[in-house]
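After the structure tokens below, expect a handful of questions from me.
When reading the values below, keep in mind they use all heavy atoms of this one structure, side chains included, and skip hydrogens, waters and symmetry mates.
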Amino acid sequence: SDRSKADRAREGFRDTTGDHVTLVRLFHAYKRGGKSSEWCVAHFVNARAMRRAADIRAQLADMLDGDAPSAPSLSTTGDSTRLRSAIARGFFTNAAVRQPDGSYRAVATRQTLHMHPGSVLFRAKPKWVIYNEAVVTAKQYMRNVVSIEAQWLRDAAPEYFASVRENA
């Protein structure tokens, strides 16, 4: 089926630490593939979305005008710790912790959330995550999810997380 072909084509980009890292890996592969529409078709990736991502990245690079801090590329190091830590610092209000039943509780709102089935973390169920959005269908699902360490939250916003413990 087309679905299983698409899944096989994208398998090499999956990263068990989260959707954000998977997307970064996908983007690097797109660049290595010459940013071509043919590459996108072969990998079942939306060419328009990839061109938009490349345009946004170029705009950000122009705005930084060479003042960007040098950081090892995820594509060369394979280490996602710095990226995931930065996401935790920027989106700490979207932190959630896994509950004994496998659901998650949003730290800020105490809402019950579930991992979206399309997330690379759907089966992994890490203890702590950051999500970019919550969507409601039959359940409230987290989309664009990345695994994090609880300490990163305390480092990002010590007063905000003063009451958050490892097993919150």
Side-chain angles (χ1 to χ4, degrees), residues 1-30 37 40-41 43-57 59-60 74 80-168:
S1 77
D2 283 346
R3 178 72 178 162
S4 60
K5 285 180 188 175
D7 289 344
R8 282 193 305 276
R10 291 190 212 130
E11 188 61 34
F13 310 122
R14 293 173 59 88
D15 189 283
T16 57
T17 61
D19 300 324
H20 300 82
V21 182
T22 297
L23 291 170
V24 169
R25 290 177 59 156
L26 176 67
F27 184 77
H28 285 299
Y30 169 69
S37 295
C40 292
V41 169
H43 292 88
F44 296 84
V45 173
N46 184 309
R48 178 184 284 167
M50 296 307 292
R51 283 191 302 272
R52 179 155 166 67
D55 289 346
I56 291 169
R57 186 178 190 284
Q59 289 172 24
L60 290 170
L74 180 65
S80 66
T81 302
R82 289 175 68 182
L83 173 62
R84 293 182 302 118
S85 175
I87 292 168
R89 285 191 307 274
F91 291 93
F92 65 86
T93 58
N94 286 9
V97 61
R98 189 185 68 236
Q99 300 301 292
D101 67 358
S103 68
Y104 285 82
R105 186 178 70 232
V107 175
T109 64
R110 318 268 310 151
Q111 288 177 293
T112 297
L113 302 166
H114 301 273
M115 191 72 66
H116 191 277
S119 174
V120 298
L121 297 177
F122 181 68
R123 287 183 174 70
K125 305 272 191 200
K127 178 73 175 169
W128 287 92
V129 298
I130 295 286
Y131 61 94
N132 278 115
E133 67 177 326
V135 294
V136 179
T137 57
K139 295 179 179 178
Q140 186 142 355
Y141 288 106
M142 299 178 290
R143 289 192 23 180
N144 297 320
V145 185
V146 66
S147 63
I148 61 161
E149 301 294 329
Q151 185 60 47
W152 297 345
L153 298 173
R154 291 188 288 270
D155 292 346
E159 293 173 14
Y160 188 84
F161 289 102
S163 63
V164 175
R165 289 189 226 14
E166 194 68 33
N167 297 318

What is the minimum heavy-atom distance between Q140 and A134, and which atoms define it? NE2-CB, 3.4 Å
Got a second to check how far D101's CG is from R98's CZ, nearest 0.5 Å? 10.5 Å
Spacing of CD belonging to E133 relative to OH belonging to Y141, to within rounding of 0.5 Å: 14.0 Å
With S147 as partner, the option from T17, D15, T16, D19 fulfilling side chain to side chain contact (heavy atoms under 4.5 Å, CB included) is T17
So which heavy atom on Y30 is nearest to which on A54, and how close? CE2-CB, 4.4 Å
Closest non-hydrogen atom pair between S37 and A47, with its separation: OG-CB, 4.2 Å
Would a 4.5 Å heavy-atom cut-off, applied to side chains only, mark N132 and H20 as touching? yes
What residues, two or more places apart in sequence or in another chain, satisfy side chain to side chain donor-acceptor pair (under 3.5 Å) together with T93? none
Heavy-atom nearest pair, G118 first then H116, reads N-ND1, 2.9 Å
Heavy-atom pair with the smallest gap, counting every atom of P126 and Y104: O-OH, 2.6 Å
R48 vs R51 side-chain heavy atoms within contact, under 4.5 Å: yes
Gap separating the CZ atom of R84 from the CD1 atom of I130, nearest 0.5 angstrom: 11.0 Å
Residues S119 and V145: closest non-hydrogen pair is OG-CB, 4.2 Å
F92: which of Y131, Y160, W128 passes ring pair (Phe, Tyr, Trp, His ring centres under 6.0 Å): Y160
Could you measure the distance from the CG atom of N46 to the CZ atom of R52? Nearest 0.5 Å is fine. 11.5 Å
Could you state the interatomic distance from CE (M50) to CG (L26), rounded to the nearest 0.5 Å? 4.5 Å
I need the M115 CE to R143 CZ distance, nearest 0.5 Å. 13.5 Å
Answer yes or no: is there a donor N or O on one side and an acceptor on the other, between the side chain of E159 and the main chain of A157, under 3.5 Å? no
Do I148 and I87 have side chains that approach each other closer than 4.5 Å (heavy atoms only, starting at C-beta)? no
For a quick check under 3.5 Å, do S103 and T112 share a side-chain donor-acceptor pair by atom type? no
Applying side chain to side chain donor-acceptor pair (under 3.5 Å), can you list everything that pairs with H43, at least two apart in sequence or on another chain? W39
